[in-house]
Amino acid sequence: MFKKLFSNTIVKVFSLNSLIVFGKLISSFVVSKVSAIYLGPSGYAIVGNFKNVLQGVLGITANGFESGIIKYTAENKNNDKQFNIIVSSAITLSIIISFIIGIILMLFANSLSTYVLKDAAFAFVFRYLAILLPLVSLNFLIVYILNGLQKLKLYSILLTLTNSLNAILSFIFIYFLDLEGALLASIIIPALSFIFSLLFNDVRNILTRFFLNVKLISINVLKSISIYIAMATYSSLLISLTYLFIRNEIISNLGIDTAGLWEAMNRISAFYMVFFSSLFTLYLLPQLAINKTIAGYYQIMKTYFKYVIPFTIVLLAFVFVFRILIIKIFLTDAFVSIEKLVYLQLIGDFIKIIAFSIAYQFHAKKMVVFYFITDAILYVSFYILSIIFINYFNLEGVFYAYIISTLAYLIAVSLFVYLNNENSLKEHV
């Protein structure tokens, strides 16, 4: 029975993903604990603002490539010529975009620092980001390529390396430099992770393929990847701007410490949500990308939800039962007041996990228009409802807005996927 269970592909990936997430949790624990002790709620709010900007930037230079690279490398991993074209095209485009964004960050460093970090003295952080952005972007691209190639062992090693560096260096930076250290760590650590990844032969081979085949850049491949870049850029900008604007609204109406409490809740949510986000890309996207039939789609989703839903319920129930202990362990007593709102975050997260799982069909089959529409429903409604509800329910109103927006998103995603699978999939092979 156990032999049969562990021969199942999703169980293997699930187990590997659990190990990766465990490493991420340890890393996040160290960073969160040190941040809570040395930065407090107000520092959490500022770091949260910067991470939103970083998320938006990387959405354009790196994360936007994720779905496209995983899809096309998974489909062409046995076709050396096409694989070389994909790698060369993706890396070249990423580097070009990174340099362009870097110039913009340099030019507007002072203005960005004033609005995002509430102090022009932090402008140097954006200048560091501008300089290191190509390396940070390459760090993510390498991981995506390995994911598409299903080199899961090296994939897990690199993520473990990144998690280890994040824990150790974040502690050092925050301990010695306080808020400046927390901001710089977000940039320097992924750049160092890329440099350390060069110790592995497979990573060097990927970069060698890039340098040897840079002339093979394909306009068609760039067009195909650009669809995914547009999708992810759109989403990243929506997410980063939505959370940035909501956090600044909380700061204006309820104070920076309250904004820090909300950021702390988002950070706790990120601890367990990282498991699902990596499972989406490690298992679900490659499976959906190669599937060609309607029956195959429903079989993939049935198998996926068979394991994911029970696990999700147990995990979220555990978080709710031990919420006060979790807050005290990962944060400090200064954040305990957020415990009364944890159940609202968990409800929204459960809905989002289900909805995001279904929405990955948009990535796999390039349903661009529906992707844009549903993301707008999610994040625009979240922002508008948050602004309205803050006036009536204070911070609790943001959580109500989160639940309503994720529920609307789930309904829209389910409807669009159901209605359009017939156009993107065949009845039979």
Side-chain angles (χ1 to χ4, degrees), residues 53-73 76 80-109 112 125-149 154-155 158-159 161-162 165 184 186-237 240 281:
V53 172
L54 185 60
Q55 179 183 25
V57 169
L58 291 177
I60 303 171
T61 66
N63 297 339
F65 292 73
E66 181 177 12
S67 296
I69 287 178
I70 293 174
K71 172 181 169 64
Y72 292 118
T73 53
N76 297 281
D80 281 348
K81 182 179 179 180
Q82 190 63 23
F83 175 72
N84 290 337
I85 292 173
I86 292 166
V87 169
S88 298
S89 300
I91 292 179
T92 299
L93 183 58
S94 174
I95 291 174
I96 291 172
I97 296 174
S98 294
F99 277 116
I100 294 172
I101 298 296
I103 292 171
I104 295 172
L105 290 171
M106 279 286 190
L107 293 174
F108 295 97
L112 286 169
V125 175
F126 289 97
R127 297 190 180 100
Y128 272 101
L129 175 58
I131 295 169
L132 295 176
L133 188 55
L135 293 184
V136 175
S137 300
L138 280 172
N139 178 60
F140 287 95
L141 291 187
I142 292 297
V143 171
Y144 301 153
I145 293 170
L146 293 173
N147 189 346
L149 292 172
L154 180 55
Y155 173 89
L158 290 182
L159 290 184
L161 173 64
T162 299
L165 286 174
L184 289 174
S186 301
I187 307 164
I188 294 173
I189 291 170
L192 285 177
S193 296
F194 169 71
I195 294 172
F196 279 112
S197 73
L198 296 176
L199 296 172
F200 298 95
N201 189 52
D202 283 338
V203 174
R204 294 197 301 272
N205 285 341
I206 291 171
L207 294 175
T208 299
R209 285 174 180 261
F210 161 66
F211 287 115
L212 293 178
N213 298 283
V214 70
K215 294 181 180 179
L216 295 178
I217 294 173
S218 167
I219 298 299
N220 289 331
V221 170
L222 290 177
K223 286 181 179 178
S224 298
I225 294 177
S226 67
I227 294 174
Y228 291 100
I229 295 173
M231 292 168 69
T233 298
Y234 173 78
S235 182
S236 293
L237 290 176
S240 58
T281 55

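In this structure Ile96 satisfies the side chain to side chain contact (heavy atoms under 4.5 Å, CB included) test together with Thr92, Ile100, sequence neighbours excluded. Residues satisfying the side chain to side chain contact (heavy atoms under 4.5 Å, CB included) criterion with Val87, sequence neighbours excluded, are Phe83, Ile91, Ile145, Ile206, Phe210.
Separating the CG atom in Asn213 from the OG1 atom in Thr208 is a distance of 10.0 Å, to the nearest 0.5 Å. For the atom pair Ile60 CD1 and Phe65 CZ, the distance stands at 10.5 Å (nearest 0.5 Å). Rounded to the nearest 0.5 angstrom, Leu58 CG and Ser236 OG are separated by 8.5 Å. In this structure, CG in Leu129 is found 9.5 Å from CG in Leu112, a value given to the nearest 0.5 Å. Distance CG/Asn139 to CD1/Ile189: 11.0 Å, rounded to 0.5 Å. For the atom pair Leu212 CG and Leu207 CG, the distance stands at 11.0 Å (nearest 0.5 Å).
Side-chain atoms of Asn147 never come within 3.5 Å of backbone atoms of Val143 as a donor-acceptor pair (strictly under, hydrogens ignored). A donor-acceptor pair under 3.5 Å links the side-chain atoms of Ser226 to the main chain of Lys223, judged by distance alone. At distances below 3.5 Å, not a single donor-acceptor pair connects side-chain atoms of Ser88 with backbone N or O atoms of Ile85. Checked by atom type and distance alone, the side chain of Thr61 never pairs as donor or acceptor with a backbone atom of Ser94 at under 3.5 Å. Put simply, the side chain of Ser193 never gets that close to the backbone of Thr162: no donor and acceptor are under 3.5 Å apart.
When every heavy atom of Ser98 is checked against every heavy atom of Ser137, the shortest pair comes out as OG-OG, 3.2 Å. The shortest heavy-atom contact between Asn84 and Arg209 is OD1-NH1, 2.5 Å. Residues Gln82 and Val221 share a closest heavy-atom pair of NE2-CG2, 3.8 Å. Nearest heavy atoms, Leu105 versus Phe126: CB-O, 4.0 Å. Here the closest non-hydrogen pair linking Ile69 and Ala90 is CD1-CB, 4.0 Å. Nearest heavy atom pair, residue Ala191 against residue Leu135, reads CB-CB, 4.1 Å.
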| query | Going through the distances and angles, do Tyr144 and Asn63 end up as a side-chain contact (heavy atoms from CB on, under 4.5 Å)? | reply | CA-CA 9 Å; Tyr144 301 153; Asn63 297 339; 2.6 Å; yes
| said: Would Leu158 and Val203 count as a side-chain contact (heavy atoms from CB on, under 4.5 Å) here? Give the steps. | reply: CA-CA 10 Å; Leu158 290 182; Val203 174; 4.1 Å; yes
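Side chains of Ile229 and Leu93 form a contact here, defined as non-hydrogen atoms less than 4.5 Å apart. Residues Leu149 and Asp202 form no side-chain contact, since every pair of their non-hydrogen atoms from C-beta on lies 4.5 Å or further apart. Taking 4.5 Å as the limit, every side-chain heavy atom of Ile103 sits out of range of all side-chain heavy atoms of Met106. No side-chain heavy atom of Ile187 sits less than 4.5 Å from a side-chain heavy atom of Ile131.
Counting non-hydrogen atoms of neighbouring residues, nucleotides and ligands closer than 6.0 angstrom, the OH atom of Tyr128 reaches no more than 12 such neighbours.
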